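Small disclaimer: the values here were computed from a predicted structure and weren't measured. Chain identifiers are assigned alphabetically (A, B, ...) following the order of the sequence lines, protein sequences preceding nucleic acid strands; residue numbering begins at 1 within each chain.
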2 protein chains.
Amino acid sequence: MKLKDFAAQIGLSPTTVSRALSGYPEVSDKTRKRVEAEAARLGYHPDVNAVRLATGRAGAIGVAMTRAGDYQFSEFINGMAERLSGGELDILLIPMGEHETVDELQVFRRLAQSRRVDAVVIHSPVPDDPRIALLDRLKIPFIVHGRSLTTVPHAWLDIDNEAVTRRATDHLLDLGHRRICLINGPDNYTFARDRDHGYRTALQARRIAYDETLVHHGTFSDETGFRFASTALSKQARPTAFVAGSMMTALGIYRAARSLGLAVGSDISVVAHDDVFPYLTAETMTPALSTTRSSIRAAGREIADLLLQMLDGRKPSDIAELWPVDLILRDSSRPAPKEPTP
Amino acid sequence: MKLKDFAAQIGLSPTTVSRALSGYPEVSDKTRKRVEAEAARLGYHPDVNAVRLATGRAGAIGVAMTRAGDYQFSEFINGMAERLSGGELDILLIPMGEHETVDELQVFRRLAQSRRVDAVVIHSPVPDDPRIALLDRLKIPFIVHGRSLTTVPHAWLDIDNEAVTRRATDHLLDLGHRRICLINGPDNYTFARDRDHGYRTALQARRIAYDETLVHHGTFSDETGFRFASTALSKQARPTAFVAGSMMTALGIYRAARSLGLAVGSDISVVAHDDVFPYLTAETMTPALSTTRSSIRAAGREIADLLLQMLDGRKPSDIAELWPVDLILRDSSRPAPKEPTP
DNA sequence: TTGAAAGCGTTACCAC
DNA sequence: GTGGTAACGCTTTCAA
């Protein structure tokens with residue numbers, strides 16, 4: 001049923017019906033109530049495509065889905081959905097190929113030009129992210145989940161990645177560890193650089209030399225953790241502690257330790273960053289994993305909220321949220337072994 | 001720039017331009033080439049909302065996102081995206097709350113009535129899934145990822161879940177195991193029932209009595225695996241093998257075994273189902289995990305393809321794909337210990 | 001092979 | 001407070 005028919009059936013003009021259903025103030029309360037009741041009874045629903053054409057709004061926000069997202073993605077989206085549910089905004093997935101190809105930018109260009117979305121969220125920026133410059137130029141509202149160093153003013157929300165590794169490293173140093181490995185994300189991303197920085201800062205504060213052989217960059221997979229930890233732990237002067245960028249790499253480190261007959265929590269210590277997942281929890285690992293923690297689901301919720309504010313007129317350049325992280329001490333981080341291994 | 005302006009600029013009518021860009025046969029090759037070149041040069045792109053209103057097509061396919069999806073979701077979507085990329089179909093996320101609430105059905109109703117999507121894919125059906133009946137009634141094309149027992153004819157693609165557990169159990173029986181635990185998904189889902197069935201079938205073929213205390217249903221999390229395996233392995237007559245429904249539960253089982261000082265691959269055997277993820281791989285676990293394997297990414301790709309065919313006129317009732325699974329033997333499944341534990 | 005004009009189902013401006 | 005009507009930007013008959 002279309003507006004015209006529906007309006008005719010209840011003896012009102014399309015204009016009035018449209019206004020009543022869209023909550024315009026000038027329609028009388030009595031009329032509005034009646035229209036709403038009749039719409040429910042007769043099952044009238046506006047055609048979104050017509051609404052979109054008439055209003056110029058797309059009614060959707062696009063989420064760029066980089067390969068890097070992987071297992072965090074679902075939690076983030078669920079967070080956004082919590083905030084968006086019931087509203088008139090859909091979530092449109094924008095699958096991307098490999099990062100930073102020309103193709104990737106084309107995707108955004110087409111997206112903007114075809115007016116498919118009202119706003120966009122992008123993840124895992126690199127320090128000088130071309131997507132940011134492009135979206136700014138295209139004048140399509142966007143928010144960055146993560147940070148970039150671009151000079152283009154833009155909205156962003158990020159966790160304090162520098163603190164993630166600084167606090168974890170500090171904690172391990174407090175426990176007497178001196179050879180501490182860092183298994184970070186791919187080093188082109190800003191977040192990975194921030195984490196490198198936090199790690200270095202903690203070491204410097206104690207006048208401990210930075211040793212590049214203790215640091216690794218790679219994707220967040222158990223394999224990355226296993227490979228690097230295995231190699232590192234087989235060395236002559238083996239590390240006594242690890243800072244892991246993700247739960248998956250932490251799994252790999254645990255595994256490497258076990259396969260070498262080393263006990264996590266005594267022979268070696270581990271602290272990982274945890275985005276909080278329902279299917280893999282730090283506190284039930286054996287031993288319970290010490291983590292820096294920040295809910296990626298909550299980030300999704302907040303980003304959706306900020307996006308709503310932006311569409312409501314809030315200035316993007318006013319939006320910059322840096323979320324602190326919790327440091328949760330459990331059993332995987334313990335005092336360094338008294339005797340440095342020979 | 002709009003069609004009218006663009007057409008005027010290159011000295012053609014909107015009609016011809018529209019036809020040229022949409023690949024209609026009646027426009028001359030020369031004209032088409034010219035129009036395409038000019039469109040690229042001047043940056044003309046049709047407004048999708050106008051196209052959608054005029055054609056009645058939504059240009060998007062909806063993917064219902066149940067909480068059950070979680071970490072598999074991203075891989076599935078990426079598979080769909082591979083097939084859909086470049087095309088004119090977007091992926092619209094349909095976040096759902098808890099399963100089987102009235103609310104859930106409302107979501108689909110609104111979706112259909114507002115003409116937001118051309119087709120829908122739903123996951124993890126229950127045996128008599130109300131969503132299927134509803135979508136059929138609403139006449140919105142859909143495909144089910146998984147199976148239902150409803151009498152409503154519909155398109156579906158599923159892996160052979162009965163074979164998943166039957167083959168895994170069979171394999172363990174061949175190795176001499178007799179007390180084999182099954183850690184399955186939540187028992188309201190069809191796939192979990194099919195897996196129950198496969199497990200029972202394998203046991204029956206060897207005249208081994210079904211013991212309900214060896215079977216558990218729960219969400220796919222490491223905690224589920226850990227909890228149940230810990231309890232089971234602490235019993236007097238402890239099980240010697242486990243069939244796990246997911247990689248996450250397998251992690252939990254490994255962990256439980258270790259915490260009790262039992263070695264996977266000798267004291268106990270484990271076979272799990274693996275959807276194939278880039279961030280957690282069976283062959284690099286310690287010991288390498290034997291799995292039944294089927295790529296959920298490939299399923300996403302195929303489902304997108306089938307959807308395309310349906311929108312092209314293929315009858316949904318003709319679409320029914322049952323995918324076999326591979327059984328990959330690695331080191332976690334080995335002959336049962338000679339001496340049944342006392 | 002090309003073009004004119006009538007939709008597609010809303011919203012929003014301007015009268016009443 | 002309510003109604004008529006011109007957009008919104010495209011597709012698609014129908015005519016030429």
What is the 5' to 3' range of DNA chain C, first to last nucleotide, that sits under 4.0 Å from any heavy atom of chain B? dT1(C) to dG9(C)
Taking atom types as modelled and ignoring hydrogens, do the side chains of Ser28(A) and Thr31(A) form a donor-acceptor contact shorter than 3.5 angstrom? yes
For the backbone of Asp129(B) and the side chain of Thr150(B), can you confirm whether one donor and one acceptor N or O come within less than 3.5 Å of each other? no
Assess whether a salt bridge exists between Glu36(B) and Lys33(B), defined as any Lys/Arg side-chain N lying under 4.0 Å from an Asp/Glu carboxylate O.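 So Glu36(B) does not pair with Lys33(B) through a salt bridge.
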Please determine if Asp90(A) and Arg110(B) form a salt bridge, counting it only when a charged side-chain N lies under 4.0 Å from a carboxylate O. no
So Arg52(A), base contact, sugar-phosphate only, or nothing? Heavy-atom distance under 4.0 Å.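 Nothing: the residue Arg52(A), judged by heavy atoms under 4.0 Å, touches no strand.
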Select base, sugar-phosphate, or nothing to describe what Thr55(B) touches, counting heavy atoms under 4.0 Å on all strands.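 If one applies the 4.0 Å heavy-atom cut-off, Thr55(B) turns out to touch the sugar-phosphate alone, with no base involved.
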Please compare Asn49(B) and Thr15(B) by the position of their nearest nucleotide in DNA chain D and report the one closer to 5'. Asn49(B)
Reading DNA chain D from 5' onward, which residue's closest nucleotide shows up sooner: Ala50(A) or Gly11(A)? Gly11(A)
Counting only heavy atoms not in Arg115(B), do more than 12 fall under 6.0 Å of its CZ?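 Atom CZ in Arg115(B) is not crowded, with 12 or fewer foreign heavy atoms closer than 6.0 Å.
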Has Arg57(A) got more than 12 heavy atoms of other residues, nucleotides or ligands less than 6.0 Å from its CZ? no
Starting from the 5' end of DNA chain C, give me the residue, Thr16(B) or Tyr44(A), whose nearest nucleotide shows up first.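 The residue closer to the strand's 5' end, by nearest nucleotide, is Thr16(B).
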First and last nt of DNA chain D near chain A, cut-off under 4.0 Å to heavy atoms, 5' to 3', are dG1(D) to dG9(D)
Distance from Ile61(B) atom CD1 to Asp118(B) atom CG, nearest 0.5 Å?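 So the gap between those two atoms works out to 9.0 Å.
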If you measure from CD on Gln309(B) to CD on Glu302(B), what distance do you get to the nearest 0.5 Å? 7.0 Å
Give me the one residue out of Phe76(B), Trp156(B), Phe73(B), Trp323(B) that meets ring pair (Phe, Tyr, Trp, His ring centres under 6.0 Å) with His145(B).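 Exactly one option meets the ring pair (Phe, Tyr, Trp, His ring centres under 6.0 Å) with His145(B), and it is Phe76(B).
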Please tell me whether Tyr71(B) and Tyr279(A) form a close aromatic pair, meaning their ring centres lie under 6.0 Å apart. yes
Within residues 22-35 of chain A, those residues having any heavy atom closer than 4.0 Å to DNA chain D are Glu26(A), Val27(A), Ser28(A), Thr31(A)
So Lys315(B) and Pro153(B), do their side chains get closer than 4.5 Å, heavy atoms only? no
